[in-house]
Amino acid sequence: MKTNKPKSIIVIFGATGDLAKRKLYPSIYRLYRSGKLSDNFAVVGVARRPWTNAVLRDNVKESIASFKNDNIDHDAFSSHFHYHPFDVTNIESYQELHTLLNDLDGEYHTEGNRIFYLAMAPNFFGTIAENLKSQGLTSTEGWSRLVIEKPFGHNYPSAKELNEQIRQAFTEDQIYRIDHYLGKEMVQNIEVIRFANAMFEPLWNNQYISNIQITSSETLGVEDRGRYYESSGALRDMVQNHILQMMALLAMEPPIKLTPEEIRSEKVKVLRALRPIEVEDVNNYFVRGQYGQGNVSGEELSAYREANGVDPESNTETYVAGKLLIDNFRWKGVPFYIRTGKRMKQKSTEIVIQFKDLPMNLYYDKASNVHPNLLVIHIQPDEGLRLYLNAKKGDHGTVSMPIAMNYNNSSKDKMNTPEAYEVLLHDCMRGDSTNFTHWDEVALSWKFVDIISQAWENSKANDFPNYESGTMGPKASDDMLKEDGYHWWNVSNRLD
Ligand code: BG6
């Protein structure tokens, strides 16, 4: 019987690492549990450590231990996993892997389909891609795809160099660059909310929207990633990818078809219209912050500069706020405010669309301000939508009060909302690259961000640390909006 469930071997480089254990193995398991994966799959874990199949399988079972009441045989599932000790610079390693993949192809009837998933430090991405091709691992009867985790380069020149290297071995349509935000349910929903509702799209422009705010705040600090983070900072870690991707989805024109090419081309147009910032203007449009100590619920939290691997005089930002302007017909004059940071008050990602005030409103309470209409898209932890309207309530005469209409996706179906990695792995197996970033998007995002990072690298932030752990960031970020007559909407991230 013909089945459209994907058949493939997934080769995971970095199989002993944290990402594989925390995200990839559980995601493969969930795909298996939901029947989205046929029995014709094998996973080959590749890494330097001298593990065996048994060690890898134990690791996989540990990673899915919380799903113990599923009625799925965890031994049977993990028997699909095979381990191959590997040295990325040694040609023989590739030849041995080649033989193993051919054997597994026969055993699992995977028809020569292969995903090479690079879940490891980026230094060797180029070498691996080149060797996979030169040693024939990508020449099969089926398809071969390369999945690449971020960071994709450190700036535009290094990203370009990396891209040129991997393009020697893989074509653009074989490359799946991960931005895990694009796998999140409510990020994917931005497009649907905008283009499947008659009531939003006519208002979605500079005639009716005053500003858009994107906030992605985290409560954790850099934990044990100090060394990586020192060379990254919040701008490269979050803005270049996740935040600019969300902005592009919010600002793009409706695609003419739901194909990866059409959608990406609309996103690329937004990134092309993003107004570049002059180096000397960076501090008028962007605010940087670094967390200091703080006390949250009685717990003393240490400063960024005290973390392992971090320079005690570090100039690295753990917080960024910015004002982005898109110079096109739809968005001219509408600021997109963005902010993201570590050690903030709450873990939450949300988007607020603030509509313009009416030209005349007789119904508002003169003692307080007009309450603008807001559409809030809750990305996480709750997933849903909240629309703030004004209506008359109780005995307040004709004075309007804000009311909220909620749609809570997660309270209804929390168990079934797929994890970002699960969605993205499944998309990759099906050959759908819509929710992966095209090189053109990566290139434009780096070019935009590079000017800001250069300006910041060349000038010491004398006020660092400038926000306490457990707060919503430096005051300068609030001031930036105040100057424009706005403020951040710290709407609750609870939808109940
Ligand atoms: C990653 C960053 O890309 O995204 C991390 O490298 C950050 O620093 C993470 O913590 C946030 O992802 P999420 O899904 O928890 O919002």
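Remember, it's a predicted structure, so these values are computed and weren't measured experimentally.
For the residue pair Thr316 and Glu230, a side-chain donor N or O sits within less than 3.5 Å of a side-chain acceptor on the partner. For the residue pair Thr215 / Trp488, no side-chain donor-acceptor distance below 3.5 Å is found, with atom types taken as modelled. Side-chain N/O atoms of Tyr337 and Arg339 include no donor and acceptor closer than 3.5 Å. Donor-acceptor pairing under 3.5 Å is lacking for the side chains of Asn466 and Tyr319. At a cut-off of 3.5 Å, with distance as the only test, a side-chain donor of Gln245 or Glu441 sits close to an acceptor on the other residue. Using modelled atom types, one finds a donor on one side chain and an acceptor on the other under 3.5 Å when comparing Gln380 with Thr349.
Environment of NZ in Lys257: sparse, with no more than 12 heavy atoms of neighbouring residues, nucleotides or ligands closer than 6.0 Å. Annotation: Asn123, atom CG; neighbour count of heavy atoms from other residues, nucleotides and ligands within 6.0 Å is above 12. More than 12 heavy atoms of other residues, nucleotides or ligands sit less than 6.0 Å from atom NZ of Lys150.
Taking the ring axis of Tyr156 as reference, the NZ or CZ atom of Lys447 stays within 45° of it and closer than 6.0 Å to the ring centre. With Phe152 as the aromatic partner, Arg177 meets the cation-pi criteria of under 6.0 angstrom to the ring centre and within 45 degrees of the ring axis.
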Q: Under the ring pair (Phe, Tyr, Trp, His ring centres under 6.0 Å) rule, what do Phe355 and Tyr208 come out as? Steps first, then yes or no, please.
A: CA-CA 6 Å; Phe355 292 89; Tyr208 296 99; 8.3 Å; no
